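Whatever order the structure lists them in is the order used to number ligands and atoms, beginning at 1. The figures that follow rest on heavy atoms only: side chains count, while hydrogens, waters and symmetry mates do not. Please read these numbers as outputs of a predicted model, since none were measured by experiment.
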Amino acid sequence: MAESKIPYKINLSENEIPKAWHNVRADMKTAHRPMLHPGTLQPVTPDDLRPVFCDRLVAQELNDKDRFIEIPGPVLDFYRMYRPSPLVRAYFLEKALDTPARIYYKYEGGNTSGSHKLNSAIAQAYYAKEQGLKGVTTETGAGQWGTALSMACGYFGLDCRVYMVKVSSEQKPYRKAVMETYGATVTPSPSGTTQIGRKMLADDPDTTGSLGCAISEAVEAAVSTEGYRYVLGSVLNQVLLHQSIVGLEAKAALEKYGESPDILIGCAGGGSNLGGLMAPFMGDRLAGRKAPRFIAVEPASCPSMTRGRFAYDFCDTGKVTPLAKMYTLGSAFIPASNHAGGLRYHGMSPILSQLYHDGYLDEARAVGQLGVFEAAKLFAKVEGLLPAPESAHAIRVAIDEALKCRESGEAKTILFGLTGTGYFDMAAYMQHNDGTMEDYVPTDADLARGFAGLPEVAAE
Ligand SMILES: *Cc1c(COP(=O)(O)O)cnc(C)c1O
């Protein structure tokens with residue numbers, strides 16, 4: 001390795017942090033379908049969205065014209081505290097796999113929140129502050145988004161109210177503690193603090209909660225509290241926009257060494273890290289230039305792209321949010337608790353959904369939990385970095401693709417997103433260590449229950 005031309009870490013300098021985000025919607029051939037108002041089922045207007053989201057984010061959400069959107073100075077300043085994030089050549093993984101493939105990963109787990117979610121949290125908190133709001137509400141599943149948002153709100157002096165899926169708040173007390181340390185209020189969901197939460201509890205007092213339900217509570221709390229707006233950590237167009245910083249940095253770093261990926265891999269929960277990593281590369285594809293093969297990886301337990309429907313659906317269980325056209329398992333689908341908490345969402349980013357539907361996002365692949373943890377542990381041993389279970393979905397497929405190269409002798413270049421650290425997921429690693437972890441795959445009958453709840457929308 002010492003004599004290799006390409007270093008283990010390709011570092012960009014601070015001045016090379018991109019100054020603008022890449023809005024992939026401006027590149028897309030098919031405009032994705034408009035969001036629909038939950039009451040009227042008509043396309044939403046900016047006025048419909050402004051009670052929920054702050055004004056500048058509404059504009060970003062609906063913007064399909066501007067390819068580049070300038071990053072505000074205070075957001076760039078914050079980015080400088082933890083970016084550029086490292087782009088690493090996984091020499092030791094390549095060696096362990098005895099593959100001719102060249103493997104790179106972009107590591108987003110090096111900040112205190114432990115994941116890429118901080119990239120959007122800081123932007124969303126900034127726009128809320130700029131508008132003079134008092135605070136924001138949100139939900140968190142595994143806890144990463146709530147942690148990132150609490151850091152961002154702590155920095156800008158905004159109040160932060162987090163509805164945390166009940167099962168996660170019980171399993172991850174340290175996540176909760178970090179959020180509270182940064183000044184956030186954390187409420188396990190469903191809770192008695194909202195109408196929707198009280199209804200959920202009345203219907204099923206033992207419910208462990210779901211992301212969709214926590215979203216409903218957070219939206220209700222935002223629209224019924226003066227000076228508050230709701231923010232979301234994935235799925236939305238604005239979040240993919242902010243996450244494009246990941247792809248822009250990765251592309252700039254690779255280009256320094258004349259590298260361009262043949263395969264680009266990301267785990268997909270709501271689609272934000274993959275959407276961000278692939279944005280500039282997808283721009284190339286949509287403009288007819290050379291581009292990688294894109295692979296989205298999801299858990300077999302929550303297979304929205306591989307087994308879901310491309311349909312209009314609510315983004316939450318309580319049906320208070322606008323409807324989006326996306327790959328979905330139905331907003332009533334509650335995935336079995338598994339350890340890739342950040343990947344347990346019933347739907348998928350409308351941008352990724354449309355690109356997948358149109359064949360630009362080449363493949364979605366569902367992987368089982370046991371195989372994911374085997375990949376995670378191999379990676380931890382040879383690359384010296386303990387990955388988040390979510391990220392390990394991408395590692396699994398990167399390894400599988402590299403093993404194919406070993407068979408074929410092709411020296412492909414593989415780039416994947418390593419979205420986070422595994423430090424807060426030791427309960428999952430403990431289960432894998434003691435052999436009690438299982439692979440869970442929903443049956444067709446399980447999925448049919450989710451599909452039965454899909455709204456009927458005439459205007460498809
Ligand atoms: C939230 C999260 C994900 C999944 O979310 P996306 O919006 O699909 O990127 C993946 N990895 C980590 C570490 C996360 O926290």
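The protein heavy atom nearest to atom 5 (O) of ligand 1 is Gly342 O, 3.9 Å. Nearest to atom 13 (C) of ligand 1 among the protein's heavy atoms is Thr419 OG1, 3.3 Å.
A donor-acceptor contact closer than 3.5 angstrom links the side chains of Glu108 and Ser85. A donor and an acceptor atom, one from each side chain of Gln369 and Tyr440, are nowhere located under 3.5 Å apart. A donor-acceptor pair shorter than 3.5 Å cannot be found between the side chains of Trp145 and Ser234. Between the side chains of Ser191 and Glu217, at least one donor N or O lies within less than 3.5 Å of an accepting N or O.
Residue Gly308 comes nearest to Leu329 through the heavy atom pair CA-CD2, 3.9 Å, listed as atom of the first residue, atom of the second, then distance.
Taking every non-hydrogen atom of Leu343 and a distance limit under 4.0 Å, the qualifying atoms of ligand 1 come out as 4 (C). Listed by number with element, the atoms of ligand 1 under 4.0 angstrom from any heavy atom of Cys267 are 10 (C). Near Ser234, meaning under 4.0 Å from one of its heavy atoms, ligand 1 places the atoms 6 (P), 7 (O). Atoms of ligand 1 found under 4.0 Å from any heavy atom of Ala268 (numbered from 1 in listed order, with element): 8 (O). Listed by number with element, the atoms of ligand 1 under 4.0 angstrom from any heavy atom of Ser115 are 13 (C), 15 (O).
Contacts between Ser272 and ligand 1 below 4.0 angstrom, taking non-hydrogen atoms only, involve backbone and side chain alike. Neither the backbone nor the side chain of Glu108 has a heavy atom within less than 4.0 Å of ligand 1. With a 4.0 Å heavy-atom cut-off, ligand 1 is reached by no atom of Val235.
Considering backbone and side-chain N/O atoms, Glu390 never comes within less than 3.5 Å of an N/O atom of ligand 1. Below 3.5 Å of separation, one finds no N or O of Gly420 facing any N or O of ligand 1.
Within the 4.0 Å heavy-atom cutoff, His116 counts among the residues contacting ligand 1.
Using the six-membered ring where Trp is involved, Tyr327 and Phe310 have ring planes that are parallel, under 30° apart on the 30 and 60° scheme.
Between Tyr163 and the options Thr187, Thr193, Thr185, a side chain to side chain donor-acceptor pair (under 3.5 Å) holds for only Thr193.
Here Phe294 and Tyr360 keep their ring centres 6.0 angstrom or further from each other. Under the 6.0 Å cut-off for aromatic ring centres, Phe92 and Tyr8 qualify, their centroids lying closer than that.
Distances from atom 2 (C) of ligand 1 to the heavy atoms of Gln243, Lys117, Gln144 show the closest one on Lys117.
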